[in-house]
There are 2 protein chains.
Amino acid sequence: MISFYPGPSQVYEKVPKWVKVAFDEGILGINHRSGRFEKMLAQVYQLLQEKLGVPADYTISFVSSATECWEIIAQSFVQESSFHLYNGAFGEKWCRTTKPLVAETAGYKFDFQEGLDLDQVIIPEDVEVICLTHNETSNGTQIRPSLVTALRENYPDTLIAVDATSSMAGVALNFDQADLWFASVQKCFGLPAGMGILICSPAAAARAEELQRRDHYNSWLKLRDNAIKLQTHLTPNVLDIYLLQQSMLERKPIDKVEEKVFTRYQQWSEFIPQLSGVDWLVKQEALRSRTVLALEGDPATLSALHQKAEVAGFTLGKGYGSWKKSTLRIANFPAMKRDAIDGLQTALLT
Amino acid sequence: MISFYPGPSQVYEKVPKWVKVAFDEGILGINHRSGRFEKMLAQVYQLLQEKLGVPADYTISFVSSATECWEIIAQSFVQESSFHLYNGAFGEKWCRTTKPLVAETAGYKFDFQEGLDLDQVIIPEDVEVICLTHNETSNGTQIRPSLVTALRENYPDTLIAVDATSSMAGVALNFDQADLWFASVQKCFGLPAGMGILICSPAAAARAEELQRRDHYNSWLKLRDNAIKLQTHLTPNVLDIYLLQQSMLERKPIDKVEEKVFTRYQQWSEFIPQLSGVDWLVKQEALRSRTVLALEGDPATLSALHQKAEVAGFTLGKGYGSWKKSTLRIANFPAMKRDAIDGLQTALLT
């Protein structure tokens with residue numbers, strides 16, 4: 001079965017080969033305090049800078065999941081106030097997760113069919129961090145780069161945190177336009193689930209220094225203290241770090257990867273009208289995610305499509321939350337093979 | 001290189017084969033909300049009950065690391081007071097990690113050469129949880145089962161939490177004598193790092209219900225709510241769960257595994273006197289760990305042993321913390337192969 005679920009999803013086909021090499025070379029049991037591990041970590045940081053365009057002065061940390069980043073941000077970069085802009089289930093959950101941890105947590109929910117109009121939002125001046133979901137995996141919307149830039153211009157002195165769980169490593173991100181970025185490796189990175197990546201700007205680092213919050217095992221200052229020494233605060237997912245190293249070594253720079261993702265999105269856009277009974281969930285083309293495609297239809301039609309895919313050896317993603325029965329989702333992640341996409345499309349048309 | 005580091009350490013040699021199967025069968029990209037995943041999770045729970053002797057009414061959760069369990073316990077099972085019994089670096093770190101989270105956190109440090117004499121410890125009556133490190137990885141001591149039993153008898157109504165990071169799945173644990181047990185898969189489980197296992201008694205579950213603490217993303221009640229539905233609260237390390245399933249299917253019951261570990265410990269005990277210039281760090285045989293062997297010697301002698309091992313393709317563990325330069329450590333975990341142990345011993349004698 002090849003999985004088009006929007007994460008965990010199909011991993012790079014070389015993963016088993018890399019694992020074999022990792023075992024043979026003793027990396028699966030490598031000590032995370034050894035020089036060999038430190039060298040690997042240094043190279044991974046450098047590769048993420050080179051291939052994804054992460055600025056050299058941003059700090060990269062490996063954590064257990066993107067969800068953990070919601071908590072790390074609330075507990076390390078914020079004292080009293082967090083403001084959340086969202087249009088779907090994951091952005092809302094981030095807000096809900098922050099509430100018990102940050103006294104003044106507020107949110108603004110915008111219509112996912114309309115997009116975010118910054119002129120309509122009143123963000124209190126003393127807000128410490130503005131939280132935005134770059135790619136809302138539940139409804140298949142994606143924020144365009146210009147919106148992050150506009151947010152930065154409007155709030156030059158407020159930290160901006162961006163959940164890029166399902167888009168980082170799939171589309172180009174303007175890292176310098178926000179302060180905290182995070183993602184999970186089981187999405188556009190094409191790796192087995194079990195690790196998150198947190199990227200932090202110098203401004204956010206300075207704020208963490210000011211607050212000096214070290215009350216949790218995963219407090220960012222502890223992550224950073226270790227990162228400087230090429231260490232990790234707890235035994236990390238060494239295998240995923242190794243797979244990240246190998247996959248980044250073979251990866252093209254992000255603008256080339258984005259080009260591939262965009263081209264495939266275009267092809268899906270031409271293909272979808274051929275399917276009767278389904279339509280894009282998101283009506284405005286400009287608001288649609290390029291990495292997670294959400295289609296709506298009546299349950300019987302969607303069920304038939306799931307069935308056709310299944311028989312041909314492909315798993316489609318179900319809908320999420322309130323869209324569970326009225327949508328299906330398709331991952332358009334870089335690790336998907338061209339022939340798998342062709343195979344799936346053929347199966348859906350039969 | 002074959003690693004005798006006491007975790008991350010040598011993984012089961014079948015790991016690469018299992019990963020290949022996992023890829024071919026689409027498990028590496030499996031969705032953690034699918035029926036197939038739920039079935040796998042149900043079997044893993046059952047296997048841990050069967051092979052390790054976890055009582056059927058204890059709840060098993062998969063988390064990111066044993067270190068995370070320190071925090072989950074402080075944030076889910078305790079309101080005001082935590083008491084820590086320790087003799088080394090990891091037990092002390094657990095106490096230190098709990099301090100900012102639990103108002104009344106106290107500790108009692110006992111001499112690692114003397115062992116814990118319960119008659120000497122005054123634990124305040126209103127303490128909510130007593131925390132004990134079963135296997136102190138830093139100095140190579142291990143608690144005997146009778147001590148946990150005595151603790152249970154002395155404090156029948158207090159929760160007892162046991163850090164079994166480097167011993168669970170290597171030696172038999174009396175799970176019913178304590179309430180919270182946790183470990184990491186990179187030690188006696190012989191799997192790649194990146195996952196922890198938390199095991200919780202009905203009494204601890206009742207206490208968590210009473211406290212109703214749901215303020216963190218990894219609050220135990222959230223873990224439990226998901227576990228009941230054969231789900232996980234966040235995208236788990238699916239690969240490690242799969243490898244756990246495969247390794248447990250092939251594993252002998254814990255009393256047989258313990259027998260192997262004990263026999264090998266005996267053989268190490270006969271071997272060590274043949275090495276000149278080193279001796280056990282822990283002088284009383286009864287206090288020594290059966291899974292993590294710590295030897296002391298002068299830095300030059302230890303360095304020579306590291307060197308001899310290295311040349312022959314084996315990595316020995318360095319000392320930890322204050323014992324960094326005066327000890328070396330050797331993992332005696334179940335995944336070590338007999339011929340690797342023979343090879344290492346031969347190398348050390350040359």
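In what follows, every chain begins at residue 1, and chains take the letters A, B, ... in the order their sequences are listed.
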Top of B/R33, B/E25, B/M195, B/H216 for chain A proximity - count of heavy-atom pairs under 4.5 angstrom
B/H216

Most heavy-atom pairs under 4.5 angstrom with chain A, which of B/V15, B/I27, B/I30?
B/I30

Residue among [options] with most heavy-atom pairs under 4.5 Å to chain B:
{"options": "A/K20, A/Q10, A/E13", "answer": "A/E13"}
{"options": "A/Q186, A/K93, A/K318", "answer": "A/Q186"}
{"options": "A/I2, A/N31, A/T235, A/D24", "answer": "A/N31"}
{"options": "A/D240, A/V238, A/D215", "answer": "A/D215"}
{"options": "A/A193, A/S3, A/G26", "answer": "A/A193"}
{"options": "A/K17, A/R214, A/M1, A/E71", "answer": "A/E71"}

Looking only at heavy atoms, which two atoms of B/P334 and B/A169 are closest? And how far apart?
CG-O, 3.6 Å

Can you name the closest pair of heavy atoms from B/P192 and B/V185 and give their distance?
O-CG2, 3.4 Å

[X] portion near chain A, given a 4.5 angstrom heavy-atom threshold:
{"X": "B/L28", "result": "both"}
{"X": "B/Q75", "result": "side chain"}
{"X": "B/Y5", "result": "side chain"}

Apply the test side chain to side chain contact (heavy atoms under 4.5 Å, CB included) to residues B/K187 and B/T137: give CA-CA distance (whole Å), side-chain angles for both, the deciding distance (0.1 Å), then the verdict.
CA-CA 10 Å; B/K187 312 274 183 170; B/T137 317; 4.3 Å; yes

Check the pair B/I197, B/F62 against side chain to side chain contact (heavy atoms under 4.5 Å, CB included), reporting the backbone distance first and the verdict last.
CA-CA 5 Å; B/I197 300 176; B/F62 296 115; 3.8 Å; yes

Show, in sequence, the C-alpha distance, side-chain angles and deciding distance for A/V11 and B/F23, and conclude whether the side chain to side chain contact (heavy atoms under 4.5 Å, CB included) test is met.
CA-CA 8 Å; A/V11 300; B/F23 179 83; 3.7 Å; yes

Given the side-chain rings of B/W220 and B/F77, with only the six-membered ring counted for Trp, is the space between their centroids under 6.0 Å?
yes

CA sep, side-chain torsions, deciding dist, call: B/D225, B/K229, salt bridge (charged side-chain N to carboxylate O under 4.0 Å, His left out):
CA-CA 7 Å; B/D225 292 350; B/K229 295 182 286 181; over 6 Å; no

Using non-hydrogen atoms and a limit below 4.5 Å, what part of residues 95-104 of chain A faces chain B?
A/T97, A/P100, A/L101

Would you mind checking which part of A/S9 comes under 4.5 Å of any heavy atom in chain B, side chain (CB onward), backbone (N, CA, C, O), both or neither?
backbone

With a 4.5 angstrom heavy-atom cut-off, could you sort out which part of A/Y12 is near chain B: side chain, backbone, both or neither?
backbone

Within a strict 4.5 Å, meaning less than it, do heavy atoms of the [X] and [Y] side chains meet?
{"X": "A/C131", "Y": "A/W70", "result": "no"}
{"X": "B/K14", "Y": "B/E250", "result": "yes"}
{"X": "B/V19", "Y": "B/L243", "result": "yes"}

Does any N or O in the side chain of B/S247 come within less than 3.5 Å of the main-chain N or O of B/L244, such that one atom is a donor and the other an acceptor?
yes

Residue pair B/E68 / A/S64, side-chain donor-acceptor N/O under 3.5 Å:
no

